[in-house]
Number of protein chains: 2
Amino acid sequence: MAASSHVDRRGPSDVEQRVTEVMDLLRARGGRASGARRVILEALVSGPAHRTAEELAEQIHADHPSVHQATVYRNLERFEELGVVYHSHLGHGPAQWHLDQNPHVHLTCESCGAVTQAEQAAFGAVRTDLRDRYGFEVDMRHFALTGTCAPCRQLEANRRP
Amino acid sequence: MAASSHVDRRGPSDVEQRVTEVMDLLRARGGRASGARRVILEALVSGPAHRTAEELAEQIHADHPSVHQATVYRNLERFEELGVVYHSHLGHGPAQWHLDQNPHVHLTCESCGAVTQAEQAAFGAVRTDLRDRYGFEVDMRHFALTGTCAPCRQLEANRRP
DNA sequence: ATCTGTGCAAAAACTTTGCAGCAGT
DNA sequence: ACTGCTGCAAAGTTTTTGCACAGAT
């Protein structure tokens with residue numbers, strides 16, 4: 001697994017390798033390694049970390065007009081079943097799709113919309129607590145935590161002192 | 001105006017009082033105390049605690065055919081601005097609308113869809129932690145926490161022991 | 001009288017589905 | 001050859017919007 005920190009420090013060979021891994025997994029589960037899937041995976045692996053299904057479909061369609069929107073939607077779902085990608089709801093509007101690497105929790109500011117990524121490690125205590133109190137095993141990735149970010153809290157504080 | 005033979009224990013006069021409170025608040029902010037608003041508020045105050053906008057609209061429309069769906073949507077938004085109601089996303093699909101009383105955190109099971117309500121008190125530590133680490137003031141009500149509930153964890157454990 | 005809110009219908013935003021043919025195994 | 005996958009178009013679901021008029025202040 002490539003250990004890059006951010007968006008696109010990933011060389012072409014890394015992309016190919018990751019894509020091939022997933023294709024193999026797909027085949028192992030009785031699926032087919034189609035051209036459309038390759039294209040979608042390439043877009044996922046090499047583009048920005050968070051995109052909506054629509055954004056992905058649009059970008060893919062631009063590069064590969066033969067790949068239809070519906071195919072993107074269908075495959076995102078399929079990839080999610082395989083545990084290769086997942087989607088998060090960061091605020092209102094459509095979900096954002098990620099590769100399933102370096103899972104993190106999202107903090108979305110309801111004033112300005114800014115999204116901060118928090119380490120999952122920061123939530124060990126809640127996790128334990130919810131397991132103890134409710135027997136509930138929480139997965140913090142699916143929904144963001146909403147609230148007010150530091151800059152917006154400053155603004156509010158200044159507005160009514 | 002059907003009084004509450006419903007889910008809750010609130011007498012008709014309580015309903016009226018709460019509705020009037022909100023109408024007054026509305027007027028104080030330059031709004032108008034319209035019939036449609038009264039009807040929508042009555043539905044909110046006297047019905048079940050969690051409903052989607054569509055469910056609300058449907059129920060209201062059944063009792064008061066003249067009140068249109070769009071009016072329900074518009075007013076839910078308005079009421080939320082006033083801090084009277086709020087909506088939460090408990091899972092996929094449309095949001096659920098609540099009165100802003102007794103705020104709680106939702107735990108949604110991704111296997112069976114069950115929703116558990118957790119006390120906000122249980123999250124004091126995360127709240128402090130996020131404020132310290134990120135300057136982020138979290139509001140846990142907007143999005144549910146997703147994960148696996150106790151019964152479903154049992155099932156999974158039994159399936160592959 | 002003024003200006004907000006409403007009913008209505010139409011459209012927008014996003015996603016899913018049915019089907020016939022194409023293509024990976 | 002078998003069956004899963006895709007392109008396409010069409011419809012589904014949920015929410016938003018424009019407009020003329022009704023209604024609250």
Side-chain angles (χ1 to χ4, degrees), chain A residues 19-20 22-43 50-82 84-85 87-97, chain B residues 19-20 22-43 50-82 84-85 87-97:
Chain A
V19 169
T20 303
V22 178
M23 293 300 235
D24 289 348
L25 178 56
L26 223 19
R27 250 187 304 251
R29 303 275 187 100
R32 312 254 157 116
S34 71
R37 281 185 178 158
R38 178 164 286 278
V39 162
I40 295 168
L41 282 171
E42 277 165 1
H50 300 77
R51 276 166 300 173
T52 66
E54 213 179 8
E55 283 163 1
L56 261 165
E58 203 170 308
Q59 183 211 311
I60 289 169
H61 193 76
D63 296 351
H64 307 269
S66 74
V67 175
H68 195 276
Q69 203 190 29
T71 303
V72 175
Y73 279 92
R74 281 192 275 233
N75 278 302
L76 285 174
E77 220 166 292
R78 191 83 165 85
F79 296 154
E80 194 166 45
E81 281 167 23
L82 294 178
V84 174
V85 303
H87 73 273
S88 307
H89 301 272
L90 304 191
H92 291 153
Q96 305 278 334
W97 293 81
Chain B
V19 169
T20 303
V22 178
M23 294 300 235
D24 289 347
L25 178 57
L26 224 18
R27 251 187 302 250
R29 303 275 189 100
R32 313 254 157 116
S34 71
R37 281 184 177 157
R38 176 163 288 278
V39 162
I40 296 168
L41 282 170
E42 279 164 1
H50 299 77
R51 277 168 298 174
T52 66
E54 212 178 7
E55 284 163 359
L56 262 165
E58 203 171 308
Q59 182 211 312
I60 289 169
H61 192 77
D63 296 351
H64 306 269
S66 75
V67 176
H68 196 276
Q69 205 190 27
T71 303
V72 175
Y73 279 95
R74 281 192 275 233
N75 278 301
L76 285 175
E77 221 167 290
R78 192 84 165 85
F79 296 155
E80 194 166 46
E81 280 168 24
L82 295 177
V84 174
V85 302
H87 73 274
S88 308
H89 301 272
L90 304 191
H92 291 153
Q96 305 279 333
W97 292 81

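Here is how names work: the chains are called A, B, and so on, in the same order as the sequence lines, proteins then strands, and each is numbered from 1. Everything numeric in this text was worked out from a predicted model, so none of it was measured.
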Do [X] and [Y] have side chains that approach each other closer than 4.5 Å (heavy atoms only, starting at C-beta)?
X: Trp97(B); Y: Glu55(B); result: no
X: Glu81(A); Y: Arg29(A); result: no
X: His92(B); Y: His87(A); result: yes
X: Arg38(A); Y: Thr20(A); result: yes

Euclidean distance, atom [atom1] of residue [X] to atom [atom2] of [N] [Å, nearest integer]:
X: Glu54(B); N: dT16(D); atom1: CD; atom2: P; value: 12 Å
X: His92(B); N: dG12(D); atom1: NE2; atom2: P; value: 23 Å
X: Ile60(B); N: dT6(C); atom1: CD1; atom2: C1'; value: 14 Å
X: His64(B); N: dC8(C); atom1: NE2; atom2: C1'; value: 19 Å
X: His61(A); N: dC8(D); atom1: NE2; atom2: P; value: 8 Å
X: Arg38(A); N: dA23(C); atom1: CZ; atom2: P; value: 17 Å
X: Phe79(A); N: dC5(D); atom1: CZ; atom2: C1'; value: 12 Å
X: Glu81(A); N: dG4(D); atom1: CD; atom2: C1'; value: 14 Å

* Is the shortest side-chain N/O distance from Arg27(B) to OP1 or OP2 of dT25(D) below 4.0 Å? ->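 So the side chain of Arg27(B) is within the cut-off, an N or O lying under 4.0 Å from OP1 or OP2 of dT25(D).
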Would you list the protein and nucleotides 16-19 of chain C atom pairs, both N or O, that sit under 3.5 Å from each other?
from: dG18(C); atom 1: O6; to: Arg74(A); atom 2: NH1; distance (Å): 3.4

* **Heavy-atom donor-acceptor pair, Glu42(B) side chain to Val19(B) backbone, under 3.5 Å** => no
* Can you see which heavy atom on Thr52(B) is nearest to which on Pro94(B), and at what distance? => CG2-CG, 4.0 Å
* Closest heavy-atom pair and its distance - Ile60(B), Ala43(B) ->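 In this case the closest contact between Ile60(B) and Ala43(B) is CG1-CB, 3.6 Å.
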* For Glu58(B), does the CD atom sit with more than 12 other heavy atoms under 6.0 Å from it, leaving out its own atoms? -> no
* To do: Answer yes if the side chains of His61(A) and Gln69(A) hold a donor-acceptor pair under 3.5 Å, and no otherwise.
  =>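 Distance-only check fails for His61(A) and Gln69(A).
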* **From CA spacing to verdict: side chain to side chain contact (heavy atoms under 4.5 Å, CB included), Leu76(B), Glu80(B)** => CA-CA 6 Å; Leu76(B) 285 175; Glu80(B) 194 166 46; over 6 Å; no
* If you look at every strand shown and take non-hydrogen atoms under 4.0 Å, does Gly93(B) touch a base, only sugar-phosphate, or nothing? -> nothing
* Scan Ser66(A) against the nucleic acid and name what it touches under 4.0 Å (heavy atoms): base, sugar-phosphate only, or nothing. =>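 The residue Ser66(A) makes sugar-phosphate contact but no base contact.
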Close N or O pairs between protein and nucleotides 21-23 of chain D (under 3.5 Å):
from: dG23(D); atom 1: N2; to: Arg32(B); atom 2: NH1; distance (Å): 2.8

* To do: Assess whether side chain to side chain contact (heavy atoms under 4.5 Å, CB included) is satisfied between Leu26(B) and Arg37(B), documenting all intermediate values.
  => CA-CA 10 Å; Leu26(B) 224 18; Arg37(B) 281 184 177 157; 3.7 Å; yes
* Starting at the 5' end of DNA chain C and moving along, which residue's nearest nucleotide shows up first, Gly35(A) or Pro65(B)? ->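 Per heavy-atom nearest nucleotide, the more 5' residue is Pro65(B).
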* **Shortest side-chain distance from Arg37(A), nucleotide among dG7(D), dT14(D), dC5(D)** => dC5(D)
* Looking only at side-chain atoms of Ala36(A), point me to the closest of dT6(D), dT15(C), dT25(C). => dT6(D)
* To do: Walk me through it: do Tyr73(B) and Glu54(B) pass the test side chain to side chain contact (heavy atoms under 4.5 Å, CB included)?
  => CA-CA 8 Å; Tyr73(B) 279 95; Glu54(B) 212 178 7; 4.2 Å; yes
* **Pairwise 5' ranking along DNA chain D for Gly30(A) and Ala33(B), keeping only the more 5' one** =>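 Nearest nucleotide further toward 5': that of Gly30(A).
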* To 10°, what angle do the rotation axes through the five end pairs on each side of the helix from dA1(C)-dT25(D) to dT25(C)-dA1(D) form? -> 30°
